[in-house]
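Each chain gets a letter, A, B and so on, in the order its sequence line appears, and its residues count up from 1. None of the values given here were measured: they were computed from a predicted structure.
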Number of protein chains: 2
Amino acid sequence: MVNDLATIKDVAKLAGVSVATVSRVLNQSNSVKPETVKQVTDAIEALDYHPNFLGRTLRRLETRKILVMVPTISNQFYSRVIRGIQAAAFDHRYHVMLGISGGDSESEQQYIEMLRHRLVDGIIFLHSGMSAEEISELGADCPVVFACEQVEGARVSLVSINDYNAASEATTFLLQNGHRRIAFVSAGDLYASSKLRTKGYRDAIGQYHIPFDPHLVLPEGLTFNAGVRAAKKILQMETFPDAVFLASDTAAFSLISELRKAGIQAGRDISVMGFDNTPTAEYFSPALTTISQPQFDIGKRAMELLLDRIQDPNAPVVTEYLPYRLEIRDSVLLK
Amino acid sequence: MVNDLATIKDVAKLAGVSVATVSRVLNQSNSVKPETVKQVTDAIEALDYHPNFLGRTLRRLETRKILVMVPTISNQFYSRVIRGIQAAAFDHRYHVMLGISGGDSESEQQYIEMLRHRLVDGIIFLHSGMSAEEISELGADCPVVFACEQVEGARVSLVSINDYNAASEATTFLLQNGHRRIAFVSAGDLYASSKLRTKGYRDAIGQYHIPFDPHLVLPEGLTFNAGVRAAKKILQMETFPDAVFLASDTAAFSLISELRKAGIQAGRDISVMGFDNTPTAEYFSPALTTISQPQFDIGKRAMELLLDRIQDPNAPVVTEYLPYRLEIRDSVLLK
DNA sequence: CCTTTGCCTGTAATCGGTTACATCCATTAT
DNA sequence: ATAATGGATGTAACCGATTACAGGCAAAGG
């Protein structure tokens, strides 16, 4: 029945005042007579008027919306990070939108365009396909923060765990429990985090004076399919590893499943260590030993840093590493 | 270095034409001399000009963005639906934004405001806390489609599986395989789908002339925690059920895990049937027997229906049920 | 009684685009 | 030679808000 939304003009007409006065009422300017305020608010009520964002934003250059750019939401890992972002956003009366790039850089550019044109006030990247230079440039112009995943050499704020240390510690834990032939499944050089985790793994091995065997590093990725592929490769090895460390829980689940089909039980015949501590990890069989990231806090902190930058474009670029934790469950054999 | 973005005026000035001409070039109007087009495009190039969405949208009332409203992304189920939506959106040069309501209706209202004010061209709801009347009203004014989850009595388009039939079929499958005491875990009346599934379960039981036992219906929810709670209740029952049918895979995973801790193996001592066929289902131990929904197609179809409605506000309201499939794996004992 | 002060409100410019309409000029038809 | 035609472009109104500035009016001060 109501074709079009009421505009500020309609309200002004009904209240018998100018649009300026209506706007002043809307923005709580104190220079309006209480009587007039009442007339206006009555008119607003009567017309069920809601101010139009576009007009407002066009003037104000503020949307109170931020965008989270995420490569995928299939990976359970991100959901808790996003919840953390939302919590902090809510506290500051901001709204969160999610953009799923799918790893496609054209799609990513479209979302960045939204930022450049102030459809959102800032972006938190959970991943990006852009080069360090592009990111630094964007970060110089607009509020941008990275979380979980960094891009080497990019001058933007980052909240994450220290992937190198975490992987190193996880590997050392395996070594301490008597494992010597440890395979490592990661996403290769695709992500900076993968690179760092690989380095952490390698250096920990080195510390124990175990010769590095490149065949044990399987850059299959972080997905279910990656785990399946890794399992197949492992089953073809002449000497089986006594432990497998995967850079994602997701891949660990499917790897365990595949190995079981071949009669090899994780936590009995072989040790498996995951990474991320996704919600499923504790319910899986065997319950997965993994690195727990403070996902919620990472998200929360990233949002706070973004707000700092929105409020002050010259806020310093910082890198914050949050504590991780080794979650010991049943998939790794202990000495 | 570049403080502000170039505007259409800057381009006009540099090209030595009016803003109208620039706008015409931008919008591929054919009434511009090729020579002039070149001047303008050169200027655009030189200034690295990108048209501002806000100004454009304010006039055009078109954003080529749609919003998907989802209660949570912790649930793995939604990701494939969203991928389907994205695929269809991409084909029609639309962009997808995700709004996570967290079940909070104030948050939901904020996103709806975006639609009302044309910050997006339409919304696909994967769930809503609104009443049927509110939804019908919104649907009358703006392009809105529901997917997966309906709201009884709401006059809006819907794409889903037939939850009643699916639950009924799943229950019948359990009955056919000799199970007689079947517990059912759902979200109670919270979701219409839950209600329908409960009804499907109940009617199937009735078909087999088994007296309905209300104690066997556990409205714990669809989350990991729900599965844990359900397991605890089941373990306290004097007579154990011989099968448990859960309205979500997620809850099934944690239930299986809890039962195992009590020495009860799903697929050996008890049967467990899930719902959704989330990615983890096939890798879980035991691999989960469940109802597979065509999530991708649901999303794709929902997007297509939304586009129909965006293009023609009077497009008919339709309900489309897509085929589901019983995915038989190892968690249900067969006769 | 006239001027000043200050509160309240309206007018109009503005944000960055789009587009109806007017205008100009070169062709073509009469 | 004049009028009609139509292509290319400019002018200005408009979308829905915000806000600087101006102005009106009543109370206070001289």
Subject >> Main-chain N/O of B/H92 paired with B/R64 side-chain donor or acceptor, under 3.5 Å >> reply: yes
**OP:** Considering just the side-chain nitrogens and oxygens of A/K9, establish if one lies under 4.0 Å of OP1 or OP2 belonging to D/dA17.
**Re:** no
Original post:
What orientation do B/H127 and B/Y191 show, parallel under 30°, tilted 30 to 60°, or perpendicular over 60°?
Top reply: perpendicular
Subject >> Separation of C/dG16 C1' from B/K13 NZ (nearest whole Å) >> reply: 14 Å
Original post:
Hey, does A/T7 reach any base, or is it just sugar-phosphate, or nothing, if we go heavy atoms under 4.0 Å?
Top reply: sugar-phosphate
Original post:
Looking only at heavy atoms, which two atoms of A/T72 and A/Y78 are closest? And how far apart?
Top reply: O-CD1, 3.3 Å
Original post:
B/K38 and side chain to side chain donor-acceptor pair (under 3.5 Å): which partner among B/T41, B/T36, B/D42?
Top reply: B/D42
Subject >> Heavy-atom side-chain contact between A/D121 and A/Y94 under 4.5 Å >> reply: yes
**OP:** Using atom CD of B/E35 as one end and atom P of C/dA26 as the other, report the distance to the nearest whole Å.
**Re:** 14 Å
**OP:** Provide, to the nearest angstrom, the distance between the CZ atom belonging to B/R56 and the P atom belonging to D/dC15.
**Re:** 19 Å
Original post:
In whole angstrom, what separates B/L54's CG from D/dC14's C1'?
Top reply: 16 Å
Original post:
Given D/dC15, is OP1 or OP2 found less than 4.0 Å from the side-chain N or O atoms of A/N52?
Top reply: no
Subject >> Nearest-Å distance for atom pair CG/P, residues A/D10 and D/dG16 >> reply: 9 Å
Original post:
Going 5' to 3' along nucleotides 6-12 of chain C, which nucleotides have protein heavy atoms under 4.0 Å from the base (write B), which only from the sugar-phosphate (write S), and which from neither (write -)?
Top reply: --SBBB-
Original post:
Parallel, tilted or perpendicular: which fits the ring planes of A/H117 and B/F53, with parallel below 30° and perpendicular above 60°?
Top reply: perpendicular
**OP:** Ignoring the backbone of A/Y49, work out which of D/dA17, C/dT18, C/dG17 is nearest its side chain.
**Re:** D/dA17
**OP:** Quickly work out the B/Q39 CD to D/dT9 C1' distance and round it to whole Å.
**Re:** 12 Å
Original post:
Hey, does the side chain of B/R59 come within less than 4.0 Å of D/dC14's phosphate (OP1/OP2), counting only N and O?
Top reply: no
**OP:** Using atom types as modelled and distance alone, determine if a side-chain donor or acceptor of B/E152 lies under 3.5 Å from a backbone N or O of B/A132.
**Re:** no
Subject >> Interatomic distance, A/H117 NE2 vs C/dG17 C1' [rounded to whole Å] >> reply: 11 Å
Original post:
Between D/dC15 atom C1' and A/I8 atom CD1, what is the distance in whole Å?
Top reply: 13 Å
